[in-house]
Amino acid sequence: RHRQVRGPAALQVLDAQEARSIRASSDARALWDQGAARAFGDYLERELPGTPSEFFEITLFGDYAFVIARDPDEPSGVLQGEWRGGELLLFRSLSLGPGSLPPSFGIGDVPWSRLEELMDAAADRLEVKDPDVRYLQIDGGADSSNGVVLHFFVNSAVDEGGVQIGRAHV
């Protein structure tokens, strides 16, 4: 249901080269699809400096993504990145200072295999006609004890809305 591709969303479909760049299934159409989600998480872990990487936010669109992670060379600093066209471009941000960083999470904290199922649940909860998931934002929530929080942003030709649903431990 959320795989409907129409209007501007038609431009947000993974192509074969993008899928290969992250070692995703060739039939994956979006970064949150079963055949691409975990592959993209693993790709980020391989490409970002520091092991394991500490993420503050990952935002997935159909065929591009943004990431904010801790800079392993500057503990109070962040790395920001954009993945588009099969390439990850990273740049360092200014140091945010001790205590000002949001809660972090690891790649293993994200329920990659359940993203499609949770997206369907988000669309059902919103009760919009012809739902179309536009993007997914993953963050560390209000405090680090809550695990990751998934924010699904859904719209349709008739309605628009967003819903926060579930946590990694659900």
Side-chain angles (χ1 to χ4, degrees), residues 1-15 18-19 21-25 27-48 53-69 78-90 102-142 144 146-157 159-170:
R1 189 179 37 207
H2 63 270
R3 291 180 181 220
Q4 294 183 22
V5 180
R6 58 182 183 275
L11 303 175
Q12 295 183 10
V13 176
L14 281 177
D15 65 28
E18 291 167 332
S21 76
I22 61 170
R23 302 178 189 165
S25 168
D27 63 342
R29 295 178 37 122
L31 287 173
W32 52 71
D33 280 355
Q34 184 73 26
R38 180 71 220 196
F40 188 69
D42 292 344
Y43 169 87
L44 289 176
E45 191 63 59
R46 287 190 307 273
E47 296 297 317
L48 286 166
S53 298
E54 286 185 68
F55 295 90
F56 299 118
E57 184 177 300
I58 300 172
T59 304
L60 302 176
F61 290 81
D63 66 341
Y64 64 99
F66 298 102
V67 60
I68 303 172
V78 298
L79 295 171
Q80 294 185 341
E82 177 180 351
W83 182 86
R84 197 179 291 261
E87 293 184 34
L88 180 64
L89 302 173
L90 287 176
S104 64
F105 61 93
I107 284 298
D109 296 328
V110 179
W112 299 106
S113 64
R114 295 188 58 215
L115 292 184
E116 282 187 289
E117 165 197 339
L118 293 170
M119 286 187 161
D120 285 340
D124 288 346
R125 184 176 288 182
L126 285 172
E127 299 178 1
V128 294
K129 259 177 112 173
D130 299 322
D132 183 22
V133 174
R134 305 306 282 189
Y135 65 98
L136 161 62
Q137 179 183 323
I138 305 164
D139 63 44
S144 58
N146 290 333
V148 298
V149 178
L150 309 175
H151 307 269
F152 298 99
F153 295 86
V154 180
N155 72 0
S156 75
D159 302 304
E160 290 191 19
V163 67
Q164 172 181 312
I165 183 170
R167 297 185 186 277
H169 60 270
V170 169

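These numbers come from a predicted model, not from an experiment.
No side-chain heavy atom of Asp139 sits under 4.5 Å from any side-chain heavy atom of Pro102. Leu150 is listed as a side-chain neighbour of Leu115, based on a closest heavy-atom distance under 4.5 Å. Within the 4.5 Å cutoff, side-chain heavy atoms of Leu90 are placed close to those of Leu48. Inter-residue side-chain proximity for Val148 and Phe55 is flagged as unmet; no heavy-atom pair is nearer than 4.5 Å. Inter-residue side-chain proximity for Trp83 and Val67 is flagged as unmet; no heavy-atom pair is nearer than 4.5 Å. Ile22 has its side chain within reach of Leu31: a pair of non-hydrogen atoms, C-beta onward, lies under 4.5 Å apart.
Residue Ala24 comes nearest to Ala39 through the heavy atom pair CA-CB, 3.9 Å, listed as atom of the first residue, atom of the second, then distance. Across every non-hydrogen atom of Gly35 and Ala28, the tightest pair is C-CB, 4.0 Å. Between Leu14 and Ala36 the shortest heavy-atom distance is CD1-CB, 4.1 Å.
With sequence neighbours excluded, the residues forming a side-chain hydrogen bond (donor to acceptor under 3.5 Å, both in side chains) with Asp42 are Arg38, listed by chain and number.
Ring geometry, Phe66 versus Phe61: the interplanar angle exceeds 60°, so the pair is classed perpendicular (tilted spans 30 to 60°).
A distance of 8.0 Å separates CD1 of Ile138 from CZ of Phe152, quoted to the nearest 0.5 Å. With values rounded to the nearest 0.5 angstrom, Asp63 atom CG is found 7.5 Å from Arg84 atom CZ. Between the CZ atom of Arg23 and the CZ atom of Phe40 there is a distance of 13.5 Å, given to the nearest 0.5 Å. Between the CH2 atom of Trp112 and the CH2 atom of Trp32 there is a distance of 12.5 Å, given to the nearest 0.5 Å.
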task: Apply side chain to side chain contact (heavy atoms under 4.5 Å, CB included) to Leu88 and Tyr43, showing your working.
output: CA-CA 10 Å; Leu88 180 64; Tyr43 169 87; 3.5 Å; yes
| request: Walk me through it: do Leu118 and Leu136 pass the test side chain to side chain contact (heavy atoms under 4.5 Å, CB included)? | output: CA-CA 11 Å; Leu118 293 170; Leu136 161 62; over 6 Å; no
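A side-chain donor-acceptor contact under 3.5 Å links Glu116 to the backbone of Gln34. Remark: side-chain polar atoms of Glu45 are paired, donor with acceptor, to backbone N or O of Ser53 under 3.5 angstrom.
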